[in-house]
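So the structure is just underneath, and the comments pick up after that.
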Amino acid sequence: MVKIEVFTSPMCPHCPAAKRIVDEVAKEIDGIEVVHINVMEHPEKAAELGIMAVPTVAINGEVKFVGAPTKDALIAELKK
């Protein structure tokens, strides 16, 4: 099982795109768990990974993308 955490903020204009892309990929690839984390409600989770900007995408606890990834880039990272 691969865990993807998407760190977002309600005020972020790019966060909806990041959430949409991660959700699309999760529907296409089996074995992915997606967790959306609002950094305004859970700042301690962002602090654990040293996240300073949103959107940020972490895969299995490791920051992989700062900013919304492209679908192809996310799929390529998951296949590594």
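Computation of the quantities below employed the complete heavy-atom set of this structure, encompassing side-chain atoms and omitting hydrogens, waters and symmetry-equivalent molecules. Not measured: the values here are computed from a predicted model.
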Side-chain touch Ile59/Leu74, heavy atoms, less than 4.5 angstrom | yes
Applied to residues 7-19, the side chain to side chain donor-acceptor pair (under 3.5 Å) test, sequence neighbours excluded, yields none
Note: Phe7 and Ala58 closest approach over all heavy atoms is CE1-CB, 4.1 Å
Correct closest heavy-atom pair for Pro16 and Pro13 would be CD-O, 3.7 Å
Pairs under 3.5 angstrom only: tabulate donor-acceptor contacts from the side chains of residues 39-54 to other protein residues two or more places apart or in another chain.
none

Q.
Working note: Asp23 + His36, criterion side-chain contact (heavy atoms from CB on, under 4.5 Å); need CA distance, chi angles, decisive distance, verdict.
A. CA-CA 10 Å; Asp23 288 341; His36 297 283; 3.0 Å; yes
Residues at least two apart in sequence or cross-chain that pass side-chain contact (heavy atoms from CB on, under 4.5 Å) with Asn60, listed by chain then number, are Val2, Lys3
Residues 53-71 vs salt bridge (charged side-chain N to carboxylate O under 4.0 Å, His left out), sequence neighbours excluded, gives Glu24-Lys71, Glu28-Lys71, Glu62-Lys64, Lys64-Glu77
Quiz prompt | In one Ile/Leu/Val/Met/Phe/Trp/Tyr side-chain cluster, 4.5 Å: Ile37, Val57 | solution = no
- Message: Using the rule that Ile, Leu, Val, Met, Phe, Trp and Tyr join whenever any side-chain heavy atoms are under 4.5 Å apart, tell me whether Val63 and Val35 fall into a single cluster.
- Response: yes
Value for CD1 (Ile32) from CD1 (Ile4), rounded to nearest 0.5 Å, stands at 4.5 Å
Joining Ile, Leu, Val, Met, Phe, Trp and Tyr whenever any side-chain heavy atoms lie under 4.5 Å apart, the cluster holding Met1 also takes in none
